[in-house]
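What follows is a short report on a single structure.
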Amino acid sequence: MNLFPKNRAFLAEIGNLARFTARFFREAFRPRYEISELIRQCFIIGYKSLSLVGLTAFIMGLVLTMQLRPSMVHYGVEAKIPAMVCIAIIREIGPVITALIFAGKIGSSIGAELGSMRVTEQIDAMEVSGTNPFKYLVVTRTLAATLMLPVLVVLADAISLYGSYLGVNIYSVLSLRLFIAQVIENLAYYDAIPAFVKTFFFGFAVGIVGCFKGYYSTKGTEGVGRSANSAVVMASVVIFILDLLAVQVTELIWDY
Amino acid sequence: METREAVIIVENLCKAFGDNVVLDHFNLTLYKGENLVVLGKSGSGKSVLIKCIIGLLRPDSGRIEVLGENVPELSYSQLDQLRARVGFLFQSNALYDSMTVRENLEFPLRRHWLKVEQKEVDALVHEVLESVGLEHTADMMPAELSGGMRKRIALARTLILKPAIILYDEPTTGLDPITGMEIIELIKQVQQRYQTSALVISHDMKLAQTASERIAMLIEGKCYATGTYRELAASTDPNLRAFFD
């Protein structure tokens, strides 16, 4: 008798995802390379997420500044708002929020697209058309997500800081040049580099989880919806776990 | 005694999913230029058979020889080379939703023939679209086409590589009787024009009657009987009568 069917299914899912990831690395380094499809996916995944990521980043910077201000004024350190906001955005909020939005938009779209291709036999059709569907669909999408999220995070950080600059200027006057000078003065390499590196892992997680859920989609249109949904949920959880690990690793490497 | 060359030989093919035995020592031969219909009930393992033949599913045991190659023993690249000579029409058509009709047709060409000139591609696309009577649809998306048109485009996509064999997976399922008859006629025309051999799996008796030279009955995982439509229809075996009555 199986006392823990759900635990068992969960462990089986983790095992299957690990096998799927191992296959990704095997296929990614073996020719033939799908360069044109990779470029097309980079455009779709990167460019089409830009407006959503930009908008949320701007609001994030603005709101964070407005929310911080009363406390900072209370303690008499209003001048430190740019420093505090920039560290919060660049180290944590920028990468994580952007990755979560990316998971919502790209993870679900990859899950739904591959899922519908699976249930309508398009993946099989690709295989009989002389194409390795794993390389053509999974490797390209996962690589595109891995490469595009860091770019989006850098842009989101910049837009978010601009939002923060406007937030500061609602209540007081601060020039953009001075705002940037304060940001740069208070940022260290160990703030920016680990935060940037972890975004590659976040992007990879979104891509591989979305592809995994879509590639093994079953049970018709209901299965497609479930794949899209579970891709977002699983990718979001993986992002938080990776974030936790990233903090530990960063602390080990940079002794600050 | 059949004198024609065999293009597909299936010997003692077994395939099970867990405890569910789908194919149990199944035997079948398709001869060059022949139209062979495999008839069976829904869920009898017809699609599993055809997917084993094209190498999408791996059989548990048995021999599947296609154009002289033993499919289960082929490497991925050898299988690709073989698939360029074997067309497969999917039950769901499997047209790529994100591509236009032209891109759908070009896809197998560009994947199998790495160096192919645009002029040659355009000529082939035009030829196959004309074969299925849908020249005007080249720039349309699959979602804009009716069920019958999609089936024709899917057939055009299988024809573009000029295959020696075409495998049809339930080609009339989901179509109204008139469109179904049009597809049956198209299958016959394609065979005459391109001199292909065809293995059609179906439960459609009209298709079996009008498009088959020979019928193989798939019952309980085995090739229960083979013969012409007339021979099988005259049988008194209750298992066969269930199909013909």
Side-chain angles (χ1 to χ4, degrees), chain A residues 12 23 26-41 43-45 48 106 109-141 144 211 214-221 223-224 227-228, chain B residues 47-48 50-58 66 71 75-99 103-114 116 142-143 150 153-155 157-161 163 165-167 169-170 173-174:
Chain A
R23 188 176 170 195
R26 273 203 311 275
E27 301 274 11
F29 295 107
R30 208 183 283 165
R32 140 187 198 184
Y33 304 112
E34 304 285 357
I35 304 295
S36 58
E37 180 62 10
L38 173 63
I39 293 168
R40 199 176 77 88
Q41 286 303 324
F43 172 76
I44 294 171
I45 289 174
K48 292 193 173 170
I106 300 302
S109 107
I110 292 176
E113 185 189 11
L114 266 57
S116 69
M117 287 184 79
R118 169 62 71 196
V119 300
T120 56
E121 298 180 305
Q122 290 177 51
I123 292 178
D124 287 342
M126 209 163 257
E127 197 163 343
V128 299
S129 295
T131 302
N132 178 343
F134 197 94
K135 263 184 194 299
Y136 192 83
L137 299 171
V138 176
V139 172
T140 54
R141 280 161 179 75
C211 288
Y215 204 75
Y216 293 117
S217 185
T218 50
K219 295 177 185 168
T221 45
V224 175
S227 298
Chain B
S47 291
V48 171
I50 209 165
K51 285 184 177 174
C52 285
I53 290 173
I54 197 73
L56 285 172
L57 286 175
R58 202 169 175 79
V66 178
V71 174
S75 67
Y76 202 90
S77 60
Q78 289 169 325
L79 202 52
D80 272 352
Q81 286 170 10
L82 178 67
R83 283 167 176 165
R85 295 188 287 153
V86 183
F88 193 112
L89 182 71
F90 286 87
Q91 185 177 350
S92 61
N93 307 322
L95 295 176
Y96 307 122
D97 298 328
S98 58
M99 300 182 194
E103 288 165 342
N104 263 283
L105 299 178
E106 286 180 1
F107 190 84
L109 262 186
R110 295 197 182 280
R111 308 301 298 183
H112 279 297
W113 303 348
L114 295 178
V116 54
R150 283 185 196 204
I153 297 298
L155 182 54
R157 189 176 62 183
T158 52
L159 286 175
I160 204 155
L161 289 169
I165 305 169
I166 301 182
L167 308 175
D169 188 357
E170 307 260 9
T173 298

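Treat the numbers as computed from the prediction; the structure is a model and nothing was measured. In what follows, chains carry the letters A, B, and so on, assigned in the order in which the sequence lines appear, proteins first and then strands, with residues in each chain numbered from 1.
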TODO: Would you check if the side chain of B/R150 reaches a backbone N or O of B/P142 as a donor-acceptor pair within less than 3.5 Å?
DONE: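 Yes, because the side chain of B/R150 sits within donor-acceptor range (under 3.5 Å) of the backbone of B/P142.
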
Open item on the list: When you measure from the side chain of A/E121 to the backbone of B/S92, do you find a donor-acceptor pair of N or O atoms at a distance under 3.5 Å?
Closed with: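 Side chain of A/E121 to backbone of B/S92, a donor-acceptor pair under 3.5 Å: yes, one is there.
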
TODO: Identify which of B/N93, B/T158, B/I54, B/D97 forms the greatest number of heavy-atom pairs closer than 4.5 Å to chain A.
DONE: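 With the most close heavy-atom pairs to chain A, the winner is B/D97.
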
TODO: Heavy-atom pairs under 4.5 Å with chain A are the metric here; pick the option from B/R83, B/K51, B/Q91 that has the most.
DONE: B/R83

Open item on the list: I'd like to check A/T131 versus B/F107 (side-chain heavy atoms, cut-off strictly below 4.5 Å). Are they in contact?
Closed with: yes

TODO: Answer with side chain, backbone, both or neither: which region of B/Q81 has an atom nearer than 4.5 Å to a non-hydrogen atom of chain A?
DONE: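 Neither part; nothing is under 4.5 Å.
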
TODO: Under 4.5 Å heavy-atom distance to chain A, tell me which part of B/L95 shows up: side chain, backbone, both or neither.
DONE: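 Backbone only.
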
Open item on the list: Taking the cut-offs as 6.0 angstrom to the six-membered ring centre and 45 degrees off its axis, would you call B/R157 and B/Y96 a cation-pi pair?
Closed with: yes

